Amino acid sequence: MAWKSYQFDDFTAQALYNILKLRVEVFVVEQNCPYPELDGLDEVSIHIVYEENGEVLAYARLVPAGKKYDAPSIGRVIVRKEARGRGLAKELLERSIRYIAEQWEEFEIQLQGQVYLKDFYGSFGFEAISDVYDEDGIPHVDMKRSAAKTAG
């Protein structure tokens, strides 16, 4: 059992394959949503990964400020279906927020969340900053965590 953070160039081919495979399994296959999964942001991002027995169970991608939004963002948040209900999503968000605050010294974070997760993200201080909109056939909302909530 291990939580790790990677820069893109730190990945072995196998580790990158495992992450991309999970992202496609969840976001494309499970959610029946064909969309451009490879968007050119992986190379500039930090990847937070939780593995057990060589299998990726939880993952998030942290995109630096100025690459997707003015603020840093958390995206591609995933917990493998078989590992849900164990608190991994909560720990993943906590670790992602802490990484951005401690490593990048950024205290405002944005994300693009699926609407059904709005309350989950809200529990970490994220507030909706957009109306609900369709993104590849799935209702989404833009959310932001203010500097005051992140630092406090």
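Quick caveat, the model's predicted, so the values are computed rather than measured.
We find the CG-NE2 distance between Leu117 and His140 to be 9.0 Å, quoted to the nearest 0.5 Å. From Leu88, atom CG reaches atom CG of Leu93 across 12.0 Å, with rounding to the nearest 0.5 Å. Put simply, NZ on Lys4 and CD on Glu51 are 5.5 Å apart, with the number rounded to the nearest 0.5 Å. For the atom pair CD (Gln110) and OG (Ser130), the distance works out to 8.5 Å, reported to the nearest 0.5 Å. Separation of atoms OG (Ser5) and CG (Asp10) is listed at 8.0 Å; rounding is to 0.5 Å. Interatomic distance, NZ of Lys68 versus CG of Leu111, reported as 9.5 Å (0.5 Å rounding).
You'll find the ring centres of Tyr116 and Phe120 outside the 6.0 Å limit.
The hydrophobic clustering, which links ILVMFWY residues whose side-chain heavy atoms are closer than 4.5 Å, places Tyr69 and Val44 apart. If you chain together hydrophobic residues whose side chains sit under 4.5 Å apart, Val141 and Ile138 never meet in one group. Taken together through direct or relayed side-chain contacts under 4.5 Å among Ile, Leu, Val, Met, Phe, Trp and Tyr, Ile129 and Phe124 form parts of separate hydrophobic clusters. Both Leu20 and Val28 are part of a single hydrophobic cluster, where members link through side-chain heavy atoms under 4.5 Å apart. Tyr17 and Tyr50 are members of different hydrophobic clusters when ILVMFWY side chains are connected at heavy-atom separations under 4.5 Å.
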* **Residues Tyr6, Val49; criterion side-chain contact (heavy atoms from CB on, under 4.5 Å); working and verdict** => CA-CA 8 Å; Tyr6 297 92; Val49 182; 3.8 Å; yes
* Yes or no on salt bridge (Lys or Arg N to Asp or Glu O under 4.0 Å) for Arg76 and Glu37, after CA distance, side-chain angles and deciding distance? -> CA-CA 9 Å; Arg76 300 297 199 267; Glu37 168 57 30; 3.2 Å; yes
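Among residues two or more places apart in sequence or in another chain, the salt bridge (Lys or Arg N to Asp or Glu O under 4.0 Å) test is passed with Lys90 by Glu94. With sequence neighbours excluded, no residue forms a salt bridge (Lys or Arg N to Asp or Glu O under 4.0 Å) with Arg98. His47 pairs by the side-chain hydrogen bond (donor to acceptor under 3.5 Å, both in side chains) definition with Tyr59, not counting sequence neighbours.
At a cut-off of 3.5 Å, with distance as the only test, a side-chain donor of Trp3 or Glu91 sits close to an acceptor on the other residue. Donor-acceptor pairing under 3.5 Å is recorded for the side chains of Gln112 and Tyr133.
A 4.5 Å side-chain heavy-atom check between Leu57 and Arg86 finds at least one atom pair inside the cut-off. The side-chain heavy atoms of Phe27 and Leu22, taken from C-beta on, include no pair separated by under 4.5 Å. Between Ile97 and Phe126, some side-chain heavy-atom pair lies under the 4.5 Å cut-off. Side-chain atoms of Ser45 and Leu62, non-hydrogen and from C-beta on, never get closer than 4.5 Å to each other. Within the 4.5 Å cutoff, side-chain heavy atoms of Val63 are placed close to those of Arg61. Proximity of Lys118 to Met143: side-chain heavy atoms (C-beta onward) are separated by under 4.5 Å at one or more points. Side-chain contact between Arg80 and Glu55 is present, with heavy atoms from C-beta onward closer than 4.5 Å. Annotation: side chain of Glu108 is in contact with side chain of Lys144 (closest heavy-atom distance under 4.5 Å).
Judged by distance alone, with hydrogens and angles left aside, the side-chain atoms of Arg145 form no donor-acceptor pair with the main-chain N or O of Gly122 at under 3.5 Å. A donor-acceptor distance shorter than 3.5 angstrom exists from the side chain of Asp39 to the backbone of Leu41, with no hydrogens or angles considered.
For Gln7, the CD atom sits in a loose shell: 12 or fewer heavy atoms of surrounding residues, nucleotides or ligands are nearer than 6.0 Å. Under a cut-off of 6.0 angstrom, the local environment of CD in Glu105 is sparse, with at most 12 non-hydrogen atoms contributed by other residues, nucleotides or ligands. Residue Asp134 places its CG atom among more than 12 non-hydrogen atoms of other residues, nucleotides or ligands, all under 6.0 Å distant.
Contact between Phe107 and Ala101 at its shortest, heavy atoms only, is CE2-CB, 3.7 Å. When all heavy atoms of Arg23 and Ile78 are compared, the closest pair comes out as CG-CD1, 3.2 Å.
Remark: of the listed residues Leu92, Ile48, Ile109, Ile109 is the sole one forming a side chain to side chain contact (heavy atoms under 4.5 Å, CB included) with Ile74.
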